[in-house]
Amino acid sequence: MFLIQILWVHFKVEQKGLAPALFLDRDGVINIDNGYISEIKDFIFVDGIFEMCRYFKGLNYKIIVVTNQSGIGRGYFSQNKFNVLNKWMSERFIQEGCGLDLILAATADPNDPNVPEAEFFRRKPNPGMIFEAAALLKLDLAKSMLIGDSLRDIEAGNAAGIPNLYLIGGQFGSSLIAESFTDLNQCLLELRRKLNEIP
Ligand SMILES: [Mg+2]
């Protein structure tokens, strides 16, 4: 009985230690999606992204980018080019007072039959990258949120058990599993309203 109590207390402490996260898609959420962006000069931040991240940092959320970057696997641009862009992007977030906690990318070409299953599982709409982030940063996915601009993002979040899924861009109606917003500013307004309701 005593042992069970110890285990239970340990479990509670473990649970308490898990952080919530805001998961972001990159293209179409962080930057305007003009297709296979690999150059700093083509990287235009979406209006409202820094306000969104500052708000969630203030609530002690981890900010995590999960992005499909098959342009690397397809040979359109190199991993090194992607790393250079990431470094620059990360610095911009730090300057704006909302440093990113993790960036994960699925770089395989989905049409390549030699891609290992595990790598394919990382590519959205599969949830692999989200699980990877949860294990690395000890996240509470049940208290986390995800913002995407495509149904692939939403499906990945749903498959990972993230209950709060938001679509921006307005090209889809609200689905059963995601709320839809025209843009990040509208999304943030609604999230602020919602979170303030929580006592
Ligand atoms: Mg996108």
Side-chain angles (χ1 to χ4, degrees), residues 21-53 56 61-77 79 81-86 88-90 92-93 96 98 100-111 115 119-134 141 144-160 162 164-188 190-191:
L22 172 66
F23 286 90
L24 301 170
D25 173 43
R26 197 197 78 175
D27 300 312
V29 175
I30 293 178
N31 58 286
I32 293 169
D33 185 3
N34 289 320
Y36 298 109
I37 298 291
S38 64
E39 304 275 354
I40 291 169
K41 69 174 172 57
D42 300 325
F43 197 97
I44 301 158
F45 284 97
V46 171
D47 185 40
I49 187 62
F50 297 126
E51 284 97 325
M52 177 70 81
C53 290
F56 278 95
Y61 278 64
K62 305 278 184 194
I63 311 282
I64 296 159
V65 180
V66 283
T67 175
N68 283 356
Q69 292 294 331
S70 69
I72 296 171
R74 294 176 208 264
Y76 298 163
F77 55 91
Q79 177 76 48
K81 210 162 196 183
F82 177 66
N83 295 345
V84 169
L85 182 58
N86 264 351
W88 172 83
M89 180 181 84
S90 299
R92 289 287 294 117
F93 273 94
E96 293 286 345
C98 46
L100 301 170
D101 293 281
L102 186 64
I103 303 172
L104 293 175
T107 60
D109 174 356
N111 300 317
V115 170
E119 186 53 37
F120 193 75
F121 187 64
R122 298 179 75 251
R123 182 176 162 81
K124 294 176 287 182
N126 299 314
M129 286 192 287
I130 296 171
F131 289 141
E132 203 176 311
L141 292 180
S144 295
M145 308 201 170
L146 178 142
I147 304 175
D149 74 321
S150 89
L151 292 177
R152 273 202 300 226
D153 304 321
I154 299 304
E155 283 170 32
N158 188 49
I162 297 176
N164 311 295
L165 304 166
Y166 306 105
L167 254 176
I168 60 155
Q171 68 268 53
F172 309 104
S174 284
S175 67
L176 284 176
I177 55 171
E179 272 182 73
S180 185
F181 298 97
T182 50
D183 57 37
L184 280 179
N185 292 321
Q186 194 201 26
C187 182
L188 179 57
E190 177 61 17
L191 290 180

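We count ligands from 1, going down the list as the structure has it; atoms in each ligand are counted the same way. Computed from a predicted structure; not experimentally measured.
Each of T107, D27, N86 was scored for a side chain to side chain donor-acceptor pair (under 3.5 Å) with Q69, with one residue passing: D27.
Within the protein, the number of N, O or S atoms lying under 2.8 Å from the Mg ion (ligand 1) is 3.
Side-chain contact, N164 with E179: no donor N or O sits under 3.5 Å from an acceptor N or O.
A 4.5 Å side-chain heavy-atom check between L22 and M52 finds at least one atom pair inside the cut-off. In this structure the side chain of V46 reaches within 4.5 angstrom of the side chain of I32, judged on heavy atoms. Under the 4.5 Å side-chain criterion, counting only non-hydrogen atoms from C-beta, I30 is in contact with F45.
Looking at residues two or more places apart in sequence or on another chain, you find no side chain to side chain donor-acceptor pair (under 3.5 Å) involving E51.
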